[in-house]
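These notes concern the structure reproduced below.
Just so you know, these numbers come straight off a predicted model, no measurement behind them. Basis for what follows: all heavy atoms, side chains included, without hydrogens, waters or symmetry-related copies. Quick note on labels: first sequence line is chain A, next is B, and so on, each numbered from 1.
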There are 2 protein chains.
Amino acid sequence: MTDATTGTPPLVHEVLAAVLQVRQGSLRVLLWERALEPHAHRWSLPGGRLRADEDVEASIRRQLAEKVDVRQVAHVEQLAVFSAPDRVPGPRVVATAFLSLVPSHLDPALPPDTEWHEVSAMPETAFDHGAIVLRARNRLRAKLSYTNIGFALAPPVFTVSALRSLYSAALGYRVSATNLQRVLSRRGLLEPTGETERPGRSGGRPAALFRFLEATMAVTDPFAVLKPPSPRGTGT
Amino acid sequence: MTDATTGTPPLVHEVLAAVLQVRQGSLRVLLWERALEPHAHRWSLPGGRLRADEDVEASIRRQLAEKVDVRQVAHVEQLAVFSAPDRVPGPRVVATAFLSLVPSHLDPALPPDTEWHEVSAMPETAFDHGAIVLRARNRLRAKLSYTNIGFALAPPVFTVSALRSLYSAALGYRVSATNLQRVLSRRGLLEPTGETERPGRSGGRPAALFRFLEATMAVTDPFAVLKPPSPRGTGT
DNA sequence: TCAAAAGTGTTAGAGGTACACCCATGA
DNA sequence: TCATGGGTGTACCTCTAACACTTTTGA
């Protein structure tokens with residue numbers, strides 16, 4: 001900061017995104033296969049260099065839109081900085097990693113070298129990208145519990161059982177539709193549209209359709225143990 | 001990443017820390033007063049330039065130890081990247097911000113331009129440093145609820161009422177000693193040393209002394225709503 | 001023996017989970 | 001009318017807040 005004349009070795013800042021979506025019943029991440037060395041043929045995260053006129057979030061949004069035709073990410077958030085000096089061979093590259101989410105009803109057009117991979121069965125990844133994906137998954141799992149982040153995985157309108165399978169895929173275990181509905185409703189996140197879905201040919205009661213009230217992330221269950229004293233409380 | 005020949009404008013990466021400690025009953029942050037422009041006489045966070053051979057966490061630890069003689073930070077964690085193109089005048093500087101915590105019994109020697117300031121009454125800060133401090137405070141407050149991070153605010157051994165005042169200062173509201181003890185004990189974070197503290201001259205029952213069992217941060221209350229089904233559960 | 005400070009017992013309430021039961025549809 | 005899938009009612013359990021009450025000290 002006040003350093004004056006350091007050798008100033010070249011430094012590049014890149015942004016990377018773990019773009020997650022639930023597809024075909026499992027949580028997947030968008031990866032592209034590197035053609036060139038280093039790490040040719042390994043799979044890596046979309047992203048690229050930070051430009052002079054943008055901050056990291058603008059940068060990752062631009063790069064996702066440009067390179068991968070993902071304009072419809074419903075949520076983007078910073079994960080962490082990855083900065084091990086040798087994380088990438090050659091000149092140093094510091095990376096800001098993001099989690100981003102694509103709702104399940106979208107199927108963005110992808111460049112030929114790009115594919116969705118199950119997070120639980122990723123191919124060999126380039127550099128530290130595998131670790132970034134796992135970090136993104138963990139963040140998503142945690143936030144499904146205490147925020148409304150489900151909106152970013154779900155289509156605009158959905159049945160509770162569809163939502164249940166999204167949550168199950170993301171969390172990695174079966175969630176009960178009964179309780180999912182109850183929890184999200186009690187928190188005031190879900191709103192019934194009034195419509196119902198037509199049952200399949202095997203019958204069954206038509207499922208009510210819901211939507212999320214909010215489409216931006218908010219903490220809905222601030223797990224605050226050691227809460228502030230209640231109004232009447234004297235608060236020793 | 002695969003960009004080849006960009007104009008490569010100069011880019012500096014700095015690390016900054018909001019060093020927090022509870023002193024004299026309130027949560028404080030370590031700030032130093034800038035002597036030079038830009039933002040002369042404003043208060044700013046300790047930190048500095050990332051070197052070629054270290055990652056961001058090593059860097060902030062080094063700089064705290066070097067510049068501010070704070071070797072005894074009990075906890076350091078990444079907060080976020082601050083990267084607005086104009087966050088600092090002149091050549092671009094991207095910052096990785098950290099939260100770090102100093103236990104209340106330590107009183108590190110400080111350089112003459114450096115002082116502790118109440119987080120709730122900070123002087124005019126340089127650049128975006130005020131926002132970083134608030135972010136650090138919010139992170140600390142959240143983590144006091146669902147992790148064992150209290151160990152990083154407390155001395156090695158303490159009474160429950162001393163711990164209560166630390167939590168109260170950090171959270172900004174009075175916490176009940178009764179419930180604090182109960183919550184932390186149930187979670188298995190506290191251990192009685194068997195010793196007691198001698199009462200003051202006004203009498204009172206001698207207070208039992210406790211210590212935290214762990215001295216590294218762990219999530220102790222994984223606020224997991226939508227938990228995995230219990231063993232017997234069939235998990236529809 | 002009284003005031004002060006610490007610690008425990010106990011009740012009440014919030015929020016979730018599990019599960020039984022009821023509802024609406026197609027064949 | 002039966003199978004199928006959706007939705008509701010309810011009992012139970014865990015955790016926390018609040019607060020009365022007991023314990024142990026100094027004066």
Distance, rounded to the nearest Å, where A/Leu184 contributes CG and C/dG15 contributes P: 14 Å

Nearest-nucleotide 5' precedence on DNA chain C, B/Glu197 against A/Gly203: B/Glu197

Side chain of A/Val183 (C-beta onward), nearest among D/dG26, C/dA5, C/dT17: C/dT17

Under 4.0 angstrom between B/Ser161 side-chain N/O and C/dA6 OP1 or OP2: yes

5' precedence on DNA chain D between A/Gln181 and A/Gly204 (nearest-nucleotide basis): A/Gly204

Touch class at under 4.0 angstrom, heavy-atom based, for A/Thr159 against every strand present: nothing

Atom pair distance, as rounded to whole Å: OH in B/Tyr173 and P in D/dA18: 11 Å

Heavy-atom closest pair, residues B/Val81 and A/Gln78: N-OE1, 2.8 Å

Between D/dT16 (P) and A/Asp221 (CG): distance, integer Å: 13 Å

5' priority, DNA chain C, between B/Val160 and A/Arg187 [closest heavy atom]: B/Val160

d(CZ, B/Arg164; C1', C/dG7) in whole Å: 14 Å

Plane angle bin for B/Phe158 and B/Phe212 - parallel if under 30°, tilted between 30 and 60°, otherwise perpendicular: tilted

Candidates C/dA24, D/dG6, C/dT8 - which lies nearest the side chain of A/Pro206: C/dA24

Exercise: identify the closest heavy-atom pair between A/Ala208 and A/Thr196: CA-CG2, 4.1 Å

Proximity to the side chain of A/Arg205 - top-ranked nucleotide from C/dT8, D/dA17, C/dA24: C/dA24

B/Ser202 side-chain proximity, nearest of D/dG9, C/dA4, D/dT25: C/dA4

Phosphate OP1/OP2 of D/dT16 contacted by B/Arg182 side-chain N/O (<4.0 Å): no

Side chain of A/Thr178 - closest among D/dG9, D/dG26, C/dT8: D/dG9

Between P of C/dG16 and CG of A/Leu189, the distance in whole Å: 11 Å

B/Arg186 vs D/dC15: side-chain N/O to OP1/OP2 distance below 4.0 Å: no

B/Leu144 CG to D/dT16 C1', straight-line distance once rounded to whole Å: 17 Å

Minimum-distance nucleotide (side-chain atoms of A/Arg201 versus C/dT25, D/dA18, C/dG26): C/dG26

Separation of D/dG7 C1' from A/Asn179 CG (nearest whole Å): 12 Å

For B/Val22 against B/Ala169, the heavy-atom pair lying closest together: CG1-CB, 3.6 Å

Atom pair distance, as rounded to whole Å: OH in A/Tyr146 and C1' in C/dG15: 19 Å

Sugar-phosphate only, base, or nothing, as touched by A/Arg198 at under 4.0 Å among non-hydrogen atoms: nothing

Distance below 4.0 Å between A/Arg174 side-chain N/O and C/dT17 OP1 or OP2: no

Check ion pair A/Arg87-B/Asp55 (N to O, under 4.0 angstrom): no

Selection from D/dT16, C/dC19, C/dG7 that lies nearest to any side-chain heavy atom of B/Ala208: C/dG7

Candidate nucleotides D/dA27, C/dG26, C/dC19, ranked by approach to the side chain of A/Pro199 - the nearest: C/dG26

CA sep, side-chain torsions, deciding dist, call: B/Leu30, B/Leu64, side chain to side chain contact (heavy atoms under 4.5 Å, CB included): CA-CA 11 Å; B/Leu30 196 61; B/Leu64 288 180; 5.7 Å; no

